[in-house]
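So the structure is just underneath, and the comments pick up after that.
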Protein chains: 2
Amino acid sequence: MPKASTIKAKEGTKAQLLEAGARIMTEKGYNHTGILEILQETGVPKGSFYYYFASKEDFGLRIIDDFAEAYSQTLDEYFKDTSLSPLNRLRKYCEDGRKKFEAQECRKGCLIGNLSQEMSDQSEIMRVRLEEVMNGWRDRFADCLKEAQKQNEIPARYDAKALAEFFLSGWEGAVMRSKVTKSTKPIDTFIKMVFEKLFVP
Amino acid sequence: MPKASTIKAKEGTKAQLLEAGARIMTEKGYNHTGILEILQETGVPKGSFYYYFASKEDFGLRIIDDFAEAYSQTLDEYFKDTSLSPLNRLRKYCEDGRKKFEAQECRKGCLIGNLSQEMSDQSEIMRVRLEEVMNGWRDRFADCLKEAQKQNEIPARYDAKALAEFFLSGWEGAVMRSKVTKSTKPIDTFIKMVFEKLFVP
DNA sequence: AACACATTAGACCGGTCGTCTAGAAATGTC
DNA sequence: GACATTTCTAGACGACCGGTCTAATGTGTT
């Protein structure tokens with residue numbers, strides 16, 4: 001009996017469930033994703049699911065938390081990179097997002113954005129959590145834009161938080177349009193407009 | 001027997017189904033909306049549904065078509081209103097959209113936008129139809145912006161179609177953010193940024 | 001070995017889903 | 001008014017869902 005690997009698999013069960021859940025829900029949404037499907041993909045038996053999670057909603061909430069935590073580190077990589085100017089950090093973030101989206105054939109998009117659209121009217125508890133996560137992102141963008149204002153990369157006459165909200169919602173909308181057109185053009189247009197017209201002195 | 005009203009009800013059965021379907025799907029999405037639910041709301045018996053529609057997907061497609069046709073007239077009301085300047089037509093469109101969204105307690109949002117997000121990766125035939133509808137809107141916006149360029153309301157150095165795409169995706173994103181924050185603030189910010197920064201000479 | 005505790009097995013439930021077919025009701029034709 | 005045709009309805013059907021349950025198994029401690 002491979003004792004060590006068995007133990008390792010067990011320890012990772014919850015994480016496996018969360019990973020598969022996030023991946024499948026990003027593509028298929030919350031309602032269209034079945035627990036059975038996640039169980040089959042991970043090889044975890046059905047009986048175990050409700051040992052780890054109280055309900056599907058609880059599962060969804062933990063997926064959001066997990067994703068938010070991991071993504072926070074991704075944001076660090078971009079926004080703590082002092083080798084680039086604040087605006088160029090944002091630009092790199094956009095361009096890498098574009099590349100990633102293209103690499104997955106203009107599918108899926110953003111887990112948090114998708115769930116926000118789908119779940120805001122369906123589950124108040126998920127809505128609140130989703131709002132917190134996205135507000136956190138907006139505030140990160142706002143910090144970056146404030147920095148850009150300090151360095152005179154962008155005009156100081158607009159509230160950085162409003163600019164960040166506009167940027168975030170515009171990005172999410174562009175991703176949605178890119179999904180439905182199966183092309184990166186809407187994202188390309190977003191990047192062009194933001195950096196050539198919106199973020200100019 | 002109230003023959004006339006019976007006949008009328010029958011003639012309207014399909015339209016009733018489509019109306020209720022559009023209303024419920026706007027709020028709950030395609031996957032989370034049950035046919036039974038629509039049937040109960042309209043009083044139409046279950047067996048009738050598949051007489052009028054080949055499948056749920058076909059039903060969804062017809063809802064999209066119906067909505068697109070009706071919405072095209074709504075767009076006419078705004079964009080054929082020559083008593084306003086082109087930019088003010090667009091502004092009125094935004095502000096009325098904001099009011100409508102607020103009136104329904106920051107819920108629902110845009111049927112086509114919601115379905116685009118939800119269905120693009122799930123049904124190719126719906127994706128294509130959704131893309132056509134939204135591209136049509138974008139082109140209407142672009143025509144309005146071209147007119148605005150002619151009248152020197154906005155700078156001519158940007159392609160009106162790109163501007164329109166940016167406007168459309170930004171609007172959809174702002175509605176999504178407003179749904180999740182249960183506030184019109186993201187929409188307000190969008191309107192402010194678009195008309196004070198993006199659409200300025 | 002005996003114990004408590006963590007985890008898994010998988011049957012089971014009530015419910016809803018989308019689909020289908022038989023036939024009732026309405027309509028048209030002669 | 002009888003018959004044929006089309007239009008519409010009734011409700012059963014099987015598949016699958018999220019969620020729950022009890023029994024069994026594995027693990028670590030003493």
Side-chain angles (χ1 to χ4, degrees), chain A residues 1-22 24-25 27-64 115 118-119 122-126, chain B residues 1-22 24-25 27-64 115 118-119 122-126:
Chain A
M1 250 177 262
K3 203 176 178 182
S5 72
T6 302
I7 289 170
K8 199 185 168 196
K10 271 186 194 173
E11 282 171 350
T13 298
K14 195 170 178 175
Q16 264 183 284
L17 254 16
L18 256 5
E19 183 279 328
I24 297 174
M25 274 189 197
E27 182 157 356
K28 305 181 57 170
Y30 178 87
N31 289 306
H32 201 56
T33 298
I35 282 155
L36 217 63
E37 188 180 358
I38 294 163
L39 262 8
Q40 280 165 351
E41 181 131 339
T42 53
V44 172
K46 185 172 185 186
S48 302
F49 186 85
Y50 286 91
Y51 174 72
Y52 292 106
F53 306 100
S55 64
K56 190 188 183 185
E57 189 176 56
D58 174 53
F59 181 56
L61 249 9
R62 280 168 195 270
I63 285 178
I64 293 169
L115 290 180
E118 185 183 5
M119 301 306 293
Q122 193 182 138
S123 163
E124 178 64 12
I125 193 170
M126 286 183 77
Chain B
M1 248 176 264
K3 204 176 179 184
S5 73
T6 302
I7 288 169
K8 199 186 167 199
K10 272 187 190 172
E11 280 169 354
T13 298
K14 195 170 177 175
Q16 265 183 282
L17 253 16
L18 256 5
E19 183 280 326
I24 298 174
M25 273 189 196
E27 181 156 358
K28 306 180 58 169
Y30 177 87
N31 289 306
H32 201 56
T33 297
I35 281 153
L36 217 63
E37 188 180 359
I38 294 163
L39 263 8
Q40 279 166 352
E41 181 132 338
T42 52
V44 173
K46 185 169 185 186
S48 302
F49 185 86
Y50 286 92
Y51 171 74
Y52 293 106
F53 306 100
S55 64
K56 191 186 184 185
E57 189 176 58
D58 174 52
F59 182 55
L61 249 9
R62 279 167 195 268
I63 285 178
I64 294 169
L115 290 180
E118 184 181 8
M119 302 306 293
Q122 192 182 139
S123 162
E124 177 65 11
I125 193 169
M126 286 183 77

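In this structure, NE2 of B/His32 is placed 12 Å from C1' of D/dG18, rounded to the nearest angstrom. Distance, A/Phe53 CZ to C/dA6 P: 17 Å, rounded to whole Å. Counting to the nearest Å, the C1' atom of C/dG18 and the CG atom of B/Asp58 are 13 Å from each other. C/dT7 atom P lies 13 Å from atom CG of A/Leu17, rounded to whole Å. Rounded to whole angstrom, the span from the NZ atom of A/Lys14 across to the P atom of C/dT7 amounts to 9 Å. Between the CG atom of A/Leu36 and the C1' atom of C/dA11 there is a distance of 13 Å, rounded to whole Å. If you take OH of B/Tyr52 and C1' of C/dG18, they are 18 Å apart, rounded to a whole angstrom. Protein atom CD1 of A/Ile35 is 20 Å distant from nucleotide atom P of C/dC13, rounded to whole Å.
Applying the ring-ring contact (aromatic ring centres under 6.0 Å, His included) test between A/Phe59 and each of A/Tyr30, A/Phe49, A/Tyr51 identifies A/Phe49 as the sole match. For the side-chain contact (heavy atoms from CB on, under 4.5 Å) with B/Ile24, the lone residue among B/His32, B/Glu19, B/Glu37 that qualifies is B/Glu37.
The side chain of B/Ser48 contributes an N or O atom lying less than 4.0 Å from OP1 or OP2 of D/dT9. Within the structure, every side-chain polar atom (N or O) of A/Tyr50 is placed at least 4.0 Å from both OP1 and OP2 of C/dT7.
Going from atom CE of B/Met25 over to atom CG of B/Leu18 covers 10.0 Å, rounded to the nearest 0.5 Å. Once rounded to the nearest 0.5 Å, the distance linking CD1 of A/Ile125 with CG of A/Leu61 reads 5.0 Å.
Using a 4.0 Å heavy-atom distance criterion, A/Lys46 is classed as a base contact. Within 4.0 Å of A/Gly47, counting heavy atoms only, lies at least one base atom of the nucleic acid.
For B/Ser55, the listed nucleotide lying nearest its side chain is C/dT19; candidates were C/dG18, D/dT9, C/dT19. In the set D/dG19, D/dT9, C/dT8, D/dT9 carries the atom at the smallest distance from any side-chain atom of B/Pro45. With C/dA6, D/dA10, C/dC12 as the candidates, the nucleotide lying closest to the side chain of A/Tyr51 is C/dA6.
Looking only at distances, a side-chain donor or acceptor of B/Glu118 sits under 3.5 Å from a matching main-chain atom of B/Asn31.
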